[in-house]
Amino acid sequence: MDDARLRESLVSEMRRNGSLTSESVAAAFLAVPRHRFIPDVAVSEAYADRAISIKTEGSETLASISQPSMIARMLELANVRIGDRVLEVGTGSGYNAALLATLVGSEGSVVTVEVESDLAARARETLADCGFGNAAVVHGDGHAGDASHAPYDRIIVSARTSDITPAWWAQLRDGGRIVVPLEIGIGGEYAVGFERTDGRLKGIGIVHCLFVPLRGEQSEIPVGNVFARSADARYATGPRSIKEIVALKTAEASPELLRHADIVVAQPQTTFAITWG
Ligand code: SAH
C-alpha cells in the first residue's frame, strides 16, 4: 500500500473508534506524511496507531512520536483554527508540529520548542523538507515557552508535567486554549484542555494520555498540597473520573475554591480545583 492509502486507513480507523470527529483534524492527518518524521521505521509501521520511541538513554525513553489517536483527541480539544499562532512544547520528531502547521494554514504560525539539540535539528530539517514553512523549531527549555512569538492562541504541551509554568500563563492569550498532559496527584495522567477567560483556566475536556516527562529543573518540584472536602474525596483517586477542573494562578487562589471542588491541588504556580464525576 502506498503512504497516502495508509494515511486514509489510519484516518478511517480513528473515525471508527471515535478519536477523530472533525474534518479539519482528519484533513491534517491525511496531509502530513508521518513516515518522513520517523525515517528508520518501515512505512507500513509508521501508520500503525502506535507511539514509537525516537530517542533513548539507557533504558529510559526520552522522546517518542505520539500515538496518532491520542494526538487526534488532543487536537480536537485544542480546536486549532486557520490563522492561529500556536506554541508546542516538546517537538520530538516534529510530526505534531506539522499537523499544527497544517491546521493553522499559511496565515498562521507554529513555534515548537525542543530541549534535545539533535532532535530539534532533525525536526527542523524534516519540517523544511516537507514544506512546512510556517513551523519554527526553537532549541531550548520549553518551560519558558517562547516569549518572542507570544501571545499564542493555542498552547499544546507534548510532554507530561504537573504544573502550568509562569511562561505558559503569560504567553496564552485571553480566550486562548492550552492542552496539557497533567499528573497532579489525582491518580493518572490526563491531557486536560483549558480555555482562558479573565485570568482563569476553565476545563473544556479531558483525554487519557501517556507521555514522556518534561525534563529540566522545574520538573523536579514535588506534587503540591492537596486539600479535600472530605476524606472520601482525598483518597478517591484513580477510578473516579474528572467532571470539572478549573485552574488559577496559586498566588491568586483563595480557600473559596474548596467549597466548589471535591479536591484542590496547589502546585507552586497553579492551583487546580477538581470536581469528580
Ligand atoms: N510532539 C512530538 C512528541 C513529543 S515527545 C512528536 O510529534 O513527535 C516529548 C518531547 O519533549 C521529547 O522530544 C523531549 O525531548 C521533549 N522535552 C522534554 N523536556 C523538555 C523541555 N523541558 N523543553 C522542551 N522539550 C522537552
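Whatever order the structure lists them in is the order used to number ligands and atoms, beginning at 1. Worth saying up front: this structure is predicted, and the values here are computed from it rather than measured.
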Q: Below 4.0 angstrom from a heavy atom of Asp141, which ligand 1 atoms are there? Numbered from 1 as shown, please.
A: 21 (C), 22 (N), 23 (N)

Q: Find all atoms of ligand 1 within a distance of less than 4.0 Å from any non-hydrogen atom belonging to Ala63, and give their numbers and elements.
A: 12 (C), 13 (O)

Report yes if some N/O of [X] lies less than 3.5 Å from some N/O of ligand 1; otherwise report no.
X	value
Val115	yes
Ser66	no
Gly142	yes
Glu116	no
Gly90	yes

Q: Measure Lys55 to ligand 1 on non-hydrogen atoms and call it side chain, backbone, both or neither using the 4.0 Å cut-off.
A: neither

Q: Would you mind telling me if ligand 1 is within reach of the side chain of Leu119, the backbone, both or neither, using heavy atoms under 4.0 Å?
A: side chain

(Q) If the threshold is 4.0 Å, N to carboxylate O, is there a salt bridge linking Glu195 and Lys202? (A) no

Q: List the atom of Ala78, the atom of Ile156, and the distance in Å for their closest heavy-atom pair.
A: CB-CD1, 3.5 Å

Q) How close do Asn17 and Arg73 get, heavy atom to heavy atom, and via which atoms? A) O-NH2, 3.7 Å

Q: Pick, from Ala144, Ser64, Ser93, Ser53, the option with the minimum heavy-atom distance to atom 3 (C) of ligand 1.
A: Ser64

Q.
Tell me the nearest of Val113, Ile65, Ile71, Asn96 to atom 7 (O) of ligand 1, using heavy-atom distances.
A. Asn96

Q.
Checking Glu252 now: which residues fulfil side chain to side chain contact (heavy atoms under 4.5 Å, CB included) with it, not counting sequence neighbours?
A. Lys249

Q | Partner residues of Arg16 under the salt bridge (charged side-chain N to carboxylate O under 4.0 Å, His left out) criterion, sequence neighbours left out | A | Glu13

Q) Is a side-chain N or O of Thr165 found less than 3.5 angstrom from the main chain of His143, in a donor-acceptor match? A) yes

Q. Is a side-chain donor-acceptor pair under 3.5 Å present for Ser53 with Ser64?
A. no

(Q) Measuring from atom CZ of Phe29 to atom CG of Leu103, what distance do you get when rounded to the nearest 0.5 angstrom? (A) 9.0 Å

Q) Is Ala97 in contact with ligand 1, taking contact as a heavy-atom separation below 4.0 Å? A) no

